[in-house]
Amino acid sequence: MSYKIIFFGTSEFSVPSLKALLDDDRFEVVAVITKPDAPIGRHQVVTPPPVKVLAQEHQVPVLQFDKIKTDETFEKLSASDNRVDAFVVVSYGKIIPQRILDLPKHGVINVHGSLLPLWRGASCVQAAIAAGDKKTGVTIMQMDAEMDHGNILTQKEVLISQTETGGELHDRLAELGAQTLPDVLSDYLAGKLKGQPQNHEQATYCKLLSRDDGKIDWTKSAEEIERLVRAYHPWPGTWTEWDGKRVKIIKIANGKYKELIGEIGILVMQDDRLLVVCGDGHAVEILELQPEGKRVMTSQEYIAGHKLIS
RNA sequence: CGCGGGGUAGAGCAGUUGGCAGCUCGCCAGGCCCAUAACCUGGAGGCCGUGGGUUCAAGUCCCACCCCCGCAA
């Protein structure tokens with residue numbers, strides 16, 4: 001007898017968790033709820049969320065709701081053939097109302113990419129790196145109506161390396177969550193595991209990121225800027241403007257910040273290297289960048305083509 | 001057809017009003033040096049994205065198409 005589960009998820013972060021449940025005999029995923037297909041990319045091609053693709057490969061029914069707060073959505077989810085043991089929510093992308101959270105017999109379980117109560121919100125992975133945290137992790141919790149606020153079932157920690165990007169950490173945490181989820185969910189549904197309340201006073205929050213958030217504020221310290229570039233790679237990316245053109249900053253040398261006199265935020269070519277003076281009087285060295293309309297290139301490549309001009 | 005930038009040597013770029021295709025780096029050879037990624041000399045390497053058109057002459061002007069990228073989502 002396997003537990004019946006409905007899975008809510010949308011982004012890449014949720015894919016490993018869904019896969020883990022699909023591949024585990026203890027669970028039967030009876031439906032997958034995901035956001036509607038959306039126009040994406042340069043040519044606005046309507047594309048299904050990655051979770052939908054995986055679900056369809058496993059012949060699992062997929063439901064996509066424009067709005068989850070409507071009566072219609074509620075009725076579909078409360079239909080008799082959708083009576084399940086639990087909902088599992090991983091990076092779904094929408095706030096789920098209380099009356100839907102109340103539907104499953106044993107509530108709603110969530111996988112979150114931080115050590116709650118730290119970094120509640122949508123950009124927990126980037127936030128941990130940008131803040132210079134030494135460690136982070138995943139939390140598996142009982143969802144309630146407030147964002148990332150519910151009782152904790154278990155947490156797994158990982159160390160953040162000095163060179164780790166947001167993308168790399170994202171993938172590691174997605175896998176860690178997926179590895180942890182099945183056993184925790186099974187124990188919870190069997191009544192062997194109780195949730196523990198979070199220490200709400202220690203909560204920190206992070207917002208949903210957009211590309212504008214990746215604009216570099218060169219008045220910050222060199223160290224903060226290096227962390228931000230690393231945290232925001234590849235999403236939402238970091239950028240600045242030189243000579244009226246947008247330039248993405250892909251990679252900055254870690255841990256080598258020399259004092260340098262010069263105008264803050266202006267590109268300096270020195271000894272075949274690209275330096276930018278930051279707000280604390282130290283310079284970051286840019287290793288990889290991408291001018292508007294061009295491919296990603298190394299600083300050496302950039303210098304080769306711009307030496308004479310400047 | 002959502003808006004915009006771009007395709008020229010292995011890489012990054014320049015190429016004026018159409019008139020022999022260049023620069024920086026890299027590569028190869030030689031030289032200098034105790035030595036070198038430094039310096040000097042020489043060299044190789046190009047269907048100028050593809051196809052048409054205008055012209056005595058097209059990287060350059062016109063048309064179509066392909067590909068890459070920034071914004072946007």
Side-chain angles (χ1 to χ4, degrees), chain A residues 8-15 32-55 62-69 90-95 121-127 165-167 170-171 174 206-218 225 228-253 256 258 265-276 284-310:
Chain A
F8 291 63
T10 299
S11 75
E12 292 286 350
F13 190 82
S14 48
V15 169
V32 167
I33 317 298
T34 190
K35 285 208 270 190
D37 296 4
I40 201 170
R42 200 161 2 245
H43 303 291
Q44 298 294 102
V45 178
V46 175
T47 307
V51 159
K52 179 181 179 182
V53 176
L54 177 62
V62 174
L63 294 175
Q64 295 170 287
F65 302 120
D66 279 329
K67 292 182 178 177
I68 195 164
K69 291 184 178 178
V90 185
S91 186
Y92 174 56
K94 287 179 180 293
I95 305 290
S123 58
C124 46
V125 177
Q126 289 94 333
T165 65
H170 169 280
D171 293 348
C206 52
K207 61 176 181 173
L208 184 63
L209 295 174
S210 73
R211 280 209 156 106
D212 286 341
D213 296 310
K215 181 168 187 176
I216 295 177
D217 176 3
W218 293 105
I225 289 170
L228 189 80
V229 169
R230 196 149 47 78
Y232 282 16
H233 178 79
W235 174 261
T238 46
W239 55 277
T240 190
E241 277 185 5
W242 288 320
D243 297 329
K245 289 189 177 176
R246 181 180 285 235
V247 180
K248 281 189 173 181
I249 307 300
I250 307 297
K251 190 175 184 181
I252 282 179
K256 298 185 293 184
K258 294 180 180 173
I266 300 300
L267 186 64
V268 179
M269 294 187 198
Q270 188 183 80
D271 301 331
D272 293 330
R273 300 191 300 170
L274 295 180
L275 304 175
V276 182
V284 291
E285 180 184 354
I286 294 173
L287 299 179
E288 291 177 24
L289 68 169
Q290 181 178 27
E292 181 178 324
K294 298 293 184 180
R295 302 159 193 261
V296 175
M297 64 184 76
T298 64
S299 56
Q300 285 75 23
E301 289 168 334
Y302 182 86
I303 289 168
H306 295 79
K307 216 169 190 174
L308 294 179
I309 302 168
S310 74

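Below, all heavy atoms of this structure are taken into account, side chains as well, without hydrogens, waters or symmetry copies. Quick note on labels: first sequence line is chain A, next is B, and so on, each numbered from 1.
Here the separation of B/A64 from B/C3, taken at their P atoms, is 15 Å to the nearest Å. For B/C28 and B/G45, the P atoms lie 16 Å apart once the distance is rounded to whole Å. Only the P atoms considered, B/C65 is 27 Å distant from B/A72, to the nearest whole Å. B/U55 and B/G15 have their P atoms separated by 28 Å, given to the nearest Å. Nucleotides B/G59 and B/G51 place their P atoms 13 Å apart, quoted to the nearest Å. A distance of about 26 Å separates the P atoms of B/A73 and B/C66, rounded to the whole Å.
Side-chain proximity of A/His306 to B/U24, B/C3, B/C13: nearest is B/C13. For A/Gln44, taking side-chain heavy atoms from C-beta onward, the closest of the listed nucleotides B/C68, B/A11, B/A72 is B/A72.
An OP1 or OP2 oxygen of B/C71 is reached within less than 4.0 angstrom by a side-chain nitrogen or oxygen of A/Arg211. For A/Lys294, no side-chain nitrogen or oxygen approaches OP1 or OP2 of B/G5 to under 4.0 Å. Taking only side-chain nitrogens and oxygens, A/Arg42 never comes nearer than 4.0 Å to OP1 or OP2 of B/A73.
Proximity of a side-chain donor or acceptor of A/Lys94 to a complementary backbone N or O of A/Asp66 within less than 3.5 Å is detected. No donor-acceptor pair under 3.5 Å is formed between the side chain of A/Glu288 and the backbone N or O of A/Met297.
Annotation: side chain of A/Leu287 is not in contact with side chain of A/Ile252 (no heavy-atom distance under 4.5 Å). Annotation: side chain of A/Val247 is not in contact with side chain of A/Glu241 (no heavy-atom distance under 4.5 Å).
Across all strands shown, A/Gln290 has heavy atoms under 4.0 Å from sugar-phosphate atoms exclusively, and none from any base. Note on A/Lys248: only backbone sugar-phosphate atoms sit closer than 4.0 angstrom, heavy atoms only; bases stay farther off.
When each of A/Trp235 and A/Lys245 is assigned the nucleotide of RNA chain B with its nearest heavy atom, A/Lys245 is the one assigned upstream, toward the 5' end. RNA chain B is contacted by both A/Tyr302 and A/Ile40; A/Tyr302 maps to the nucleotide lying nearer its 5′ end (nearest heavy atom per residue).
When both distances must be under 3.5 Å, the Watson-Crick or G-U wobble mate of B/A64 is B/U50.
Counting non-hydrogen atoms of neighbouring residues, nucleotides and ligands closer than 6.0 angstrom, the NZ atom of A/Lys251 reaches no more than 12 such neighbours.
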